[in-house]
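Notes follow once the structure below has been shown.
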Amino acid sequence: QKEVEQNSGPLSVPEGAIASLNCTYSDRGSQSFFWYRQYSGKSPELIMSIYSNGDKEDGRFTAQLNKASQYVSLLIRDSQPSDSATYLCAVKGGSYIPTFGRGTSLIVHP
Amino acid sequence: GAGVSQSPSNKVTEKGKDVELRCDPISGHTALYWYRQSLGQGLEFLIYFQGNSAPDKSGLPSDRFSAERTGGSVSTLTIQRTQQEDSAVYLCASSGIARDEQFFGPGTRLTVL
């Protein structure tokens with residue numbers, strides 16, 4: 001059973017701070033890793049994908065992957081109230097079907 | 001370009017009725033997925049289509065659920081004899097060949113009374 005674990009939160013951070021969202025996965029053969037943002041009542045929106053160990057930066061977002069530790073994280077710098085949402089981690093291995101975590105709720109308060 | 005589209009956006013039906021939900025993937029995307037998300041819950045995989053290959057139906061919760069994809073493009077998810085526990089948001093996603101990122105449609109909110 002492939003599992004993707006996320007802390008459900010809520011994670012509460014002040015505006016302007018760095019939000020750190022974490023995800024662990026069980027399948028060592030996983031090759032593709034994704035972060036999605038889901039606003040309440042809306043569908044998931046792709047933020048970033050990462051495939052290699054290390055960091056990948058896109059604007060205020062940085063994804064970090066450590067395959068040895070089976071750990072992927074998302075950092076959001078200069079957090080804004082508009083970043084308040086649920087963040088979903090998804091992991092894909094040999095199967096074409098990704099496994100999604102339950103998501104972490106992020107609240108950025110002014 | 002146009003994203004994934006789904007219709008209807010909302011569907012209210014009575015218990016026991018059949019419903020059809022439609023998904024139009026991003027042009028050129030060969031892979032299409034259906035998911036279900038109940039209130040406050042995670043994404044539940046239902047079915048996966050890849051090109052002209054046989055679909056992966058391993059996530060369908062019962063034989064009341066079926067899906068087809070015509071011409072490798074538009075997909076229809078059919079739920080027969082709907083039950084109240086079928087009430088959820090049904091999400092469709094598609095992905096291309098070169099990159100395996102999924103892009104989601106806006107979803108169809110199904111309410112079974």
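Since the model is a prediction, treat every value here as computed from it, not as a measurement. Letters go in sequence order (proteins before strands), and every chain restarts at 1.
- Phe100(A) and Ile47(A) end up in different hydrophobic clusters when Ile, Leu, Val, Met, Phe, Trp and Tyr side chains are linked at under 4.5 Å.
- Hydrophobic clustering of Ile, Leu, Val, Met, Phe, Trp and Tyr side chains at less than 4.5 Å, counting indirect connections, keeps Leu75(A) apart from Leu11(A).
- Put simply, Phe45(B) and Phe49(B) are part of two different groups of oily side chains (I, L, V, M, F, W, Y) that touch within less than 4.5 Å, one to the next.
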Polar pairs (donor with acceptor) under 3.5 Å from chain A to chain B:
| unit_1 | atom_1 | unit_2 | atom_2 | d |
| --- | --- | --- | --- | --- |
| Ser32(A) | OG | Asp100(B) | OD2 | 2.8 |
| Tyr36(A) | OH | Gln102(B) | N | 3.2 |
| Tyr36(A) | OH | Gln102(B) | O | 2.9 |
| Gln38(A) | OE1 | Gln37(B) | NE2 | 3.1 |
| Gln38(A) | NE2 | Gln37(B) | OE1 | 2.8 |
| Ser43(A) | OG | Gly105(B) | O | 2.9 |
| Ser49(A) | OG | Glu101(B) | OE2 | 2.6 |
| Tyr51(A) | OH | Asp100(B) | OD1 | 2.8 |
| Lys92(A) | NZ | Asp100(B) | O | 3.3 |
| Tyr96(A) | O | Tyr33(B) | OH | 2.7 |
| Arg102(A) | NH2 | Gln41(B) | OE1 | 3.0 |

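- Ranking Leu43(B), Val89(B), Leu91(B) against chain A, the residue ahead of the rest is Leu43(B), based on heavy-atom pairs under 4.5 Å.
- Follow the hydrophobic side-chain contacts under 4.5 Å out from Val4(A) and you reach Val72(A) in the same cluster.
- Heavy atoms of Leu46(A) lying under 4.5 Å from chain B belong exclusively to its side chain.
- Summarising the local packing, CG of Leu113(B) is surrounded by more than 12 heavy atoms from other residues, nucleotides or ligands at distances under 6.0 Å.
- Linking ILVMFWY residues whenever their side-chain heavy atoms come closer than 4.5 Å, directly or via other members, places Phe65(B) and Leu110(B) in the same cluster.
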